[in-house]
Enquirer: 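The structure's right below; bear with me while I get my questions together.
Numbers restart at 1 for each chain; the letters A, B, ... are given by sequence-line order, proteins then strands. These numbers come from a predicted model, not from an experiment.
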Amino acid sequence: MSGDAASSQHPPAPPAYDPAAIETKWQQIWRDQGTNHTDLKGGKNPFYALMMFPYPSAEGLHVGNLFAFTGNDIYGRFHRLRGHTVFEPLGYDAFGIHSENYAIKVGEHPMRLIPRNIANFRRQLERAGLMVDWRYAVDTTDPSYYKWTQWVFIQLLKKGLAYKKKAAVNWCPSCKTVLANEQVVAGECERCATRVEQRQLEQWFFRISEYAPRLLANLEKLDWSHTTLTAQRNWIGKSEGAELRFGIREAPAAEPITVFTTRPDTIFGATYMVLAPEHPIVDVITLPEHRGAVDAYRERTASQDVVARKVNKDKTGVFTGAHAVNPATGQAIPIWIADYVLMEYGTGAIMAVPGHDERDFAFATTFSLPIVRVVAAAGETAQTPLIEACHQDRDGRLVNSAQFDGLSVADGMREIVAWLAGKGAGKAVVNYRLHDWCISRQRYWGPPIPVIYCDACGPQAVPEKDLPVILPDISDFRPDDSGISPLARHESWYHAPCPACGKQGRRETDVSDTFLDSGWYFLRYPSADRSDVPFDPALTKKWLPVTSYIGGNEHAVLHLLYSRFLTMVLHDLGLVDFEEPFAKFRAHGLIIKEGAKMSKTKGNVVVPDRLIDEWGADAFRTYLMFLGPYEEGGDFRDQGMSGVRRFLDRLWLAAHDASTDGKPDPIVIRKLHQTIRKVTEDIPALSYNTAIAAMMEYMNTLRKGERAVQRAEVEPLVQLVSPFAPHIAEELWSLFGHSESVFDAGWPSWDAALVREDTVQLAVQVNGKLRGTLAVSPDVSQDDALTLALAEPSIAKFVTEGPRKVVFVRGRLLNLVV
RNA sequence: GCGGAAGUGGCGGAAUUGGUAGACGCGCUGGACUUAGGAUCCAGUGGGGCAACCCGUGCGGGUUCGAGUCCCGCCUUUCGCACCA
């Protein structure tokens, strides 16, 4: 030390905490030493800490991404410190309409744009100090990745789980493109406000609906956020009911029409039938004099966009002229078509029971169709008039239902289904709302669906040895008027020999949905360095199912459901030995900005780069975790950052002051052990905000009255803070003379005996009202506590007579009832 | 309309799951050190009241010795889904 005069009296001022310098320094050391590399083959106690990979937008990372990733990073780092080999990979979900639309907007090719975005994301992610093993990064747009996405498609095709059918899509005639439902706003294209139409296109589907019962049943076994499980249950939408068969009066020999209903008990009230306009039997049954009206209505329905049809609740429809025979009453009832019946749910046909269904009631009222009461709730009779549909009738009794009168709704269902089944007119069935997954996109920016059409042999899967089917780099990737994918215009790519006969065939020109890319990426990570297999069996067995998955609840349904489905299929194919990919899933919350949702239009988007420049990544990470419960999100306020930064500043100073190895203060040590326990319990529960609060509390104790701190008091705090603020933790850990990374130094433990307080404040209540506290030993007896309490005048004055009853909670509370 | 989540100081949020409401942080007030402070440190900070005390967790009831927490009925916010038969 170069002793100037001042330093002989005052210790030299420690170097200032300079986050930019130490963060760059440690990120470099981590890279050089492979600190974040996971030993996938040899590592003991594997822990796969997965986070949902981001879409690398042109704007760069936003706080929401970093909030999600930091939460996962803390979880991963913590488990590493607790002795697990943690694998924390990250990648980019870079295909899809979002990128493509942006590319079109700025007039740049996505193949040029995306790599730049990815490079920028990578830079930002590294700045944030994530414990990611970048050797296993995946990029869904890289042929070495989508080769295997195409392979997944082929596995489903071979198993008969992929098929083609015509389906309605939203079409914007101005943008000349297919729109997703969320891009249709009030029946108009969200970008150009043109009226959206419906088009019928041949599309590829996966038979996920076949898996509905298993996808539902397995939910019981998953350790997932409750809200996510509920969302999945609702989406799968199991409903128990019956399929009932109605003969056609005008064509007694024809195949009866089957309807699905959840209320077979109300069949005596079925006064008409409605078919979806698209129902194939409409062509057969419509009488000539009604043909014109029916065709016009069907055309009108077809021209409507898919969203508008479902949003418009006004009842419209036309009569076909034909009649069905109600199998219960034997009566002929008119058959109508109406757009409120959807072809994709149930059988595309309903028996309308206007007395007990709101929609049917509205329709019957509009078209003056008969309404019959068949259930009477408490206080009602068979004659009680219906002024609106009586659908809250589950505990009512059947009426106007012949021999079933008087039965409860539940009994009526069972007996009527049995009766109709006996006549061959029905059976009990379970129906699911979940429909098959449409994976076709008539777009450019996605993996080509690996199929070749041959006039002689039909559709053929591209042989696995020929994968990947490379997405060609074409300059005109915009969609056009035809509704056919841009790839079809690329002649040299479009024509390909049939894999079966070798004659010239045509490639499938649709690309697949991005949810297919993300539906299996967690399988790829551990094997990302392998070009010969999609996933290595031994590594997969060791690392999967994913130990912990953290992500946003916006993917509660689709992404998580599709991933489960694909995993289940791969399991059935014998390719993986588990059915469920994610043993544990937790949904993180949403970050808002000063009470409002962040959005570009509001201009209140928080840019991480700027904040990291100003405060450092450690303070930024810690603040994100401090501003609210992780699973609920929080309100980002610029002012709040100073609090956590101050905490890190004080930690820095404390560590530099603590070079003396003096005797630690027992009071401080007790607080330390309490803090270790609190942080150790809070992190696995994702209660990051309270863990940080506990460390701040400890800091207040540690520095109280500017007391001199001892090394043994600070050193464990450096370890506790390390998952949150990894760079400063490494710097201070090395300051204490350690040569290994703090992340290889284990986790401090607490001593239960040291945690225990000698005295506690026992609350004393009189009639449940707090009247004072007593400083007593935690295991003071009721009698002693009572004596002490009554000796206290401020308490005793409320006890005018002997207490009638005494409630005593050891170490907590004494309540005197007078 | 259906389903989920949530309502606590000026603000973000704690509360051992029925036991001292408001931890921690922001902000604010006062003080110390300063040429200076948007730095640092110390103290205070739910409302009312001189005080003893009283009131207080969206609203109204209830259970209990005791309710932010449990039950019943409302209101509000918010996120999904939405003619699902």
Side-chain angles (χ1 to χ4, degrees), chain A residues 225-231 233-235 237 239 241 259-263 266 274 307 309-315 338-342 344-353 356-360 362-363 431-435 553-554 556-557 587 589-590 592 594-595 597 623 626-629 631-644 646-647 649-650 653 678 681 687 689-700 703-706 760-773 794 797 803-809 811-818:
Chain A
S225 293
H226 158 259
T227 54
T228 314
L229 289 173
T230 308
R233 264 185 215 108
N234 291 343
W235 189 262
S239 66
V259 304
F260 174 74
T261 178
T262 53
R263 294 294 306 273
T266 62
V274 187
V307 176
R309 166 166 174 181
K310 292 188 176 180
V311 165
N312 175 22
K313 309 260 163 150
D314 293 339
K315 293 290 174 285
D339 64 4
Y340 82 95
V341 174
L342 308 173
E344 64 265 24
Y345 186 76
T347 62
I350 62 159
M351 63 175 205
V353 184
H356 302 274
D357 181 282
E358 285 179 290
R359 299 152 300 177
D360 296 343
F363 190 84
N431 200 42
Y432 294 90
R433 201 191 82 110
L434 181 66
H435 47 265
N553 228 356
E554 68 273 19
V557 175
L590 236 57
I592 56 171
E594 268 136 31
K597 211 167 158 176
Y623 178 56
F626 183 63
L627 48 72
E631 289 172 270
E632 284 165 39
D635 193 349
F636 194 100
R637 293 157 67 255
D638 287 330
Q639 278 181 327
M641 189 85 88
S642 60
V644 284
R646 190 142 41 229
F647 167 69
D649 278 327
R650 297 175 81 199
L653 288 173
K678 176 82 175 144
E681 288 170 354
S687 293
N689 55 334
T690 52
I692 294 165
M695 290 188 279
M696 287 173 164
E697 240 181 283
Y698 178 59
M699 179 62 75
N700 291 341
R703 303 281 287 175
K704 184 130 188 118
E706 297 187 84
V760 292
Q761 296 296 313
L762 186 79
V764 182
Q765 298 180 336
V766 179
N767 286 340
K769 283 195 169 198
L770 185 72
R771 294 304 180 186
T773 58
S794 61
K797 70 179 177 184
R804 270 191 317 149
K805 184 177 171 186
V806 177
V807 181
F808 180 69
V809 182
R812 290 208 156 278
L813 160 142
L814 178 72
N815 187 13
L816 311 175
V817 187
V818 297

Enquirer: A:Lys315 near the nucleic acid: base, sugar-phosphate alone, or nothing, with a heavy-atom cut-off under 4.0 Å?
Expert: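 If one applies the 4.0 Å heavy-atom cut-off, A:Lys315 turns out to touch a base.
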
Enquirer: Taking the six-membered ring for Trp, are A:Tyr345 and A:Phe260 parallel (under 30°), tilted (30 to 60°) or perpendicular (over 60°)?
Expert: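 Rings of A:Tyr345 and A:Phe260: perpendicular, as their planes differ by over 60°.
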
Enquirer: Using purine N1 to pyrimidine N3 plus N6-O4 or O6-N4 for Watson-Crick, or N1-O2 and O6-N3 for G-U wobble, both under 3.5 Å, which nucleotide pairs with B:U40?
Expert: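 Base-paired to B:A32.
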
Enquirer: Just N and O in the side chain of A:Ser239: are any of them under 4.0 Å from OP1 or OP2 of B:A85?
Expert: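 Answer yes for this pair, as a side-chain N or O of A:Ser239 is under 4.0 Å from OP1 or OP2.
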
Enquirer: Base, sugar-phosphate or nothing for A:Leu627? Non-hydrogen atoms, less than 4.0 Å.
Expert: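 Touches sugar-phosphate only.
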
Enquirer: Can you confirm whether A:Arg804 sits close enough to A:Val817 that some side-chain heavy atom of one is under 4.5 Å from a side-chain heavy atom of the other?
Expert: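 Side chain of A:Arg804 against side chain of A:Val817, heavy atoms only: contact under 4.5 Å found.
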
Enquirer: Could you check whether A:Thr690 gets within reach of a base, just the sugar-phosphate, or nothing at all, counting any heavy atom under 4.0 Å?
Expert: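 Result for A:Thr690 = sugar-phosphate.
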
Enquirer: Name the nucleic acid region contacted by A:Val341, choosing base, sugar-phosphate or nothing; use a 4.0 angstrom heavy-atom cut-off, strictly under.
Expert: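 Base contact - A:Val341 has a heavy atom under 4.0 Å of at least one base atom.
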
Enquirer: Counting the atoms with a prime plus P, OP1 and OP2 as sugar-phosphate, which does A:Gln639 contact under 4.0 Å by heavy atoms, base, sugar-phosphate, or nothing?
Expert: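 Here A:Gln639 touches the backbone only, sparing every base.
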
Enquirer: Heavy atoms under 4.0 Å, any strand shown: does A:Asp339 hit a base, just sugar-phosphate, or nothing?
Expert: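 Base, at least one base heavy atom under 4.0 Å.
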
Enquirer: In the structure shown, which nucleotide is the Watson-Crick or G-U wobble counterpart of B:G27, with both distances under 3.5 Å?
Expert: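 Its partner is B:U45.
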
Enquirer: Would you say A:His356 reaches B:A85's phosphate, i.e. side-chain N/O to OP1/OP2 under 4.0 Å?
Expert: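 False: A:His356 side-chain N/O out of range (4.0 Å or more) of B:A85 OP1/OP2.
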
Enquirer: Which value, in whole Å, describes the distance between the C1' atoms of nucleotides B:G1 and B:A82?
Expert: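 My reading of the C1' atoms in B:G1 and B:A82 gives 8 Å.
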
Enquirer: When the P atoms of B:G58 and B:G44 are compared, how many Å lie between them, rounded to an integer?
Expert: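 The same atom, P, in both gives a distance of 28 Å.
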
Enquirer: B:C65 pairs with which nucleotide, Watson-Crick or G-U wobble, both distances below 3.5 Å?
Expert: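 Partner of B:C65: B:G19.
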
Enquirer: Just call it for A:Arg771: base, sugar-phosphate, or nothing, with non-hydrogen atoms closer than 4.0 Å on any strand.
Expert: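 Sugar-phosphate, no base atom in range.
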
Enquirer: Using a cut-off of less than 4.0 Å, is there contact between a side-chain N or O of A:Arg233 and OP1 or OP2 of B:G4?
Expert: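 No, A:Arg233 has no side-chain N/O under 4.0 Å of OP1/OP2 on B:G4.
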
Enquirer: Once you measure the plane-to-plane angle for A:Tyr340 and A:Phe363, does it fall in the parallel (<30°), tilted (30-60°) or perpendicular (>60°) bin?
Expert: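 Rings of A:Tyr340 and A:Phe363: tilted, 30 to 60°.
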
Enquirer: Between B:C53 and A:Lys797, is there an OP1 or OP2 to side-chain N/O distance shorter than 4.0 Å?
Expert: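 Answer is yes, contact under 4.0 Å.
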
Enquirer: Answer yes or no: does a side-chain N or O of A:Asn234 lie under 4.0 Å from OP1 or OP2 of B:A82?
Expert: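 So the side chain of A:Asn234 is outside the cut-off, no N or O lying under 4.0 Å from OP1 or OP2 of B:A82.
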
Enquirer: Can you find a side chain N or O atom of A:Arg703 that sits less than 4.0 Å from OP1 or OP2 on B:C41?
Expert: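 No, because none of the side-chain N or O atoms of A:Arg703 sits under 4.0 Å from OP1 or OP2 of B:C41.
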
Enquirer: Closer than 4.0 Å, any side-chain N/O of A:Lys769 to the OP1 or OP2 of B:G56?
Expert: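 Checking B:G56 against A:Lys769, no side-chain N or O comes under 4.0 Å of OP1 or OP2.
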
Enquirer: Assign A:Lys704 to base, sugar-phosphate, or nothing according to its heavy-atom contacts below 4.0 angstrom with the strands shown.
Expert: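 A:Lys704: backbone/sugar contact only, no base atoms under 4.0 Å.
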
Enquirer: Below 3.5 Å, does any donor atom in the side chain of A:Gln765 face an acceptor in the base of B:G19, or the other way round?
Expert: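 Looking at the base of B:G19, it does pair with a donor or acceptor on the side chain of A:Gln765 (distance under 3.5 Å).
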
Enquirer: Please report the distance separating the P of B:C42 from the corresponding atom of B:G49, rounded so that it comes out in whole Å.
Expert: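 That atom pair is separated by 32 Å.
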
Enquirer: Could you tell me how far apart A:Arg637 (CZ) and B:G10 (C1') are, to the nearest whole angstrom?
Expert: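 Interatomic distance, CZ of A:Arg637 to C1' of B:G10: 10 Å.
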
Enquirer: Looking only at atom types and distance, does a side-chain atom of A:Asn767 sit under 3.5 Å from a main-chain N or O of A:Val818, one as donor and one as acceptor?
Expert: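 Here the side-chain-to-backbone pair exists.
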
